[in-house]
Asker: 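Handing you a structure now.
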Amino acid sequence: IKLSLLLFYRRIFPIQNFEKMVTIAAVIVILWFIPGFLGETFLCWPIDVMWTDFAHAAEKCGDYGLFFAIMISFEIVIDFLILVLPIAQVLQLQMSWNSRATLAGIFMLGGFSIVTNILRIAFSYRKGEQFIDLIQDMVWINIHCATAILCICLPTYRPL
C-alpha cells in the first residue's frame, strides 16, 4: 500500500525535487519491510515450531511482542512521513485557497490509518508478554489495510 501511494504521488506531482523525496521514502519503506519480513519469518527456530510444537514455542522463539511493537512504531513514523509528503505540493497549486485546503484535507484523511495502527498496538501488544493477541491483531490489521486503501483512493474520487 505504501509503495503504491508513493508511486501515485510521483504520477500526480512530476516535480524533480519531489520525485527525489518520494524515492527516498520508497527506499525507507523497503528498508523497513526487509527486517520485518525476515523477523516474522525467522523469529522462531525451527520456523515451524509455532505449528508443530507450540508448547515449547516460548523457548524456541524470540520476543515477538517487542518485535511487533518496534516494527509497528516504525510503521507509524513512516506512515506519518508519507502522509505529510504531498501537503507542500498541494498548497503550492494554482487554485483557490478553499480548493487547496479541501485537497490537503483529503490527503490528510490518511491519518486515520495511523490511528488504526496505534489502536492495533494498544489492543494487541501486552508489555512483558512474549506473544501478542493474534485475534485482536488480525481485526486491527484488516481495519488498518482497509482504511489505508480507502484513503489512498480518496483523491481519485473527486472527479466522480
Side-chain angles (χ1 to χ4, degrees), residues 1-43 62-127 129 131-160:
I1 294 172
K2 293 172 189 6
L3 290 176
S4 66
L5 180 59
L6 290 170
L7 292 173
F8 175 67
Y9 286 173
R10 281 181 68 105
R11 188 174 58 103
I12 62 173
F13 299 115
I15 301 162
Q16 188 175 15
N17 288 338
F18 185 75
E19 286 179 351
K20 287 179 184 177
M21 291 188 301
V22 169
T23 302
I24 291 168
V27 169
I28 291 170
V29 168
I30 292 167
L31 291 175
W32 164 79
F33 172 79
I34 292 170
F37 175 77
L38 294 174
E40 290 273 345
T41 304
F42 298 109
L43 196 63
D63 189 347
Y64 184 77
L66 180 61
F67 172 78
F68 171 82
I70 291 169
M71 290 305 294
I72 300 302
S73 298
F74 276 113
E75 182 178 10
I76 290 169
V77 171
I78 292 169
D79 285 349
F80 179 77
L81 293 174
I82 291 172
L83 182 67
V84 299
L85 198 58
I87 300 305
Q89 299 302 319
V90 168
L91 295 178
Q92 293 175 7
L93 293 174
Q94 300 298 321
M95 51 180 38
S96 71
W97 171 246
N98 286 340
S99 297
R100 287 184 286 173
T102 301
L103 189 56
I106 289 171
F107 277 105
M108 293 304 289
L109 284 174
F112 188 66
S113 71
I114 293 173
V115 171
T116 60
N117 243 352
I118 292 169
L119 291 172
R120 182 178 169 203
I121 289 177
F123 286 112
S124 302
Y125 173 67
R126 302 287 178 251
K127 187 176 181 180
E129 291 186 19
F131 300 106
I132 63 170
D133 183 344
L134 288 176
I135 294 171
Q136 287 293 326
D137 186 48
M138 290 298 118
V139 168
W140 284 102
I141 196 169
N142 285 323
I143 293 170
H144 173 70
C145 289
T147 57
I149 291 170
L150 180 65
C151 290
I152 287 171
C153 294
L154 285 176
T156 61
Y157 289 160
R158 184 172 180 169
L160 298 177

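Computed from a predicted model, the values in this text were never measured in an experiment. Nothing fancy with the numbering, it's 1 onward along the sequence. Computed over heavy atoms, backbone and side chain alike; hydrogens, waters and symmetry mates excluded.
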Asker: Please round to the nearest 0.5 Å and tell me the distance separating atom CD1 of I72 and atom CZ of R120.
Answerer: 3.5 Å
Asker: What distance do T147 atom OG1 and W140 atom CH2 have between them, rounded to the nearest 0.5 Å?
Answerer: 9.0 Å
Asker: To the nearest 0.5 angstrom, please state how far the SG atom of C145 sits from the CG atom of N117.
Answerer: 8.5 Å
Asker: Name all residues meeting the side chain to side chain contact (heavy atoms under 4.5 Å, CB included) criterion together with I28; count only those two or more places apart in sequence or in a different chain, and write none if there are none.
Answerer: I24, I78
Asker: Would you compute the distance between atom CG of L134 and atom CD1 of I132 and round it to the nearest 0.5 angstrom?
Answerer: 5.0 Å
Asker: Could you work out, with side chain to side chain contact (heavy atoms under 4.5 Å, CB included) as the rule, every residue matching D133, not counting sequence neighbours?
Answerer: I135, Q136
Asker: How long is the gap from CD1 on I143 to OG on S113, to the nearest 0.5 Å?
Answerer: 12.5 Å
Asker: Check whether S124 reaches the backbone of D137 with its side chain - one donor and one acceptor, N or O, closer than 3.5 Å.
Answerer: yes
Asker: Got F80 and I76 here, is their nearest side-chain heavy-atom distance under 4.5 Å?
Answerer: no
Asker: Return the CD to CE distance between Q89 and M21, rounded to the nearest 0.5 Å.
Answerer: 5.5 Å
Asker: For F74, I'd like to know if atom CZ has over 12 heavy atoms of other residues, nucleotides or ligands within 6.0 Å.
Answerer: no
Asker: Please name all residues satisfying side chain to side chain contact (heavy atoms under 4.5 Å, CB included) with L7, sequence neighbours left out, ordered by chain then number.
Answerer: R10
Asker: Under a 3.5 Å threshold, yes or no: a donor from one side chain and an acceptor from the other, between E40 and Y64?
Answerer: yes
Asker: In this structure, is the centre-to-centre distance between the rings of F18 and F13 below 6.0 Å?
Answerer: yes
Asker: Would you say V90 and F107 make side-chain contact, with heavy atoms under 4.5 Å?
Answerer: yes
Asker: Evaluate side-chain hydrogen bond (donor to acceptor under 3.5 Å, both in side chains) for T102 paired with S99, printing each intermediate quantity in order.
Answerer: CA-CA 5 Å; T102 301; S99 297; over 6 Å; no
Asker: Could you check if a side-chain atom of W32 sits within less than 4.5 angstrom of a side-chain atom of K2, using non-hydrogen atoms only?
Answerer: yes
Asker: Between Y9 (side chain) and I82 (backbone), is there a donor-acceptor pair under 3.5 Å?
Answerer: yes
Asker: Hey, is the main chain of Q92 close enough, under 3.5 Å, to the side chain of R100 for a donor-acceptor pair?
Answerer: no
Asker: With a 4.5 Å limit on heavy-atom distance, are the side chains of K20 and T23 in contact?
Answerer: no
Asker: If you compare all heavy atoms of C151 against all heavy atoms of L109, which two are closest, and at what distance to 0.1 Å?
Answerer: SG-O, 3.2 Å
Asker: Side-chain contact, heavy-atom cut-off 4.5 Å: L85 with L6?
Answerer: yes
Asker: Quick one: does H144's side chain have a donor or acceptor within less than 3.5 Å of a partner on T116's backbone?
Answerer: no
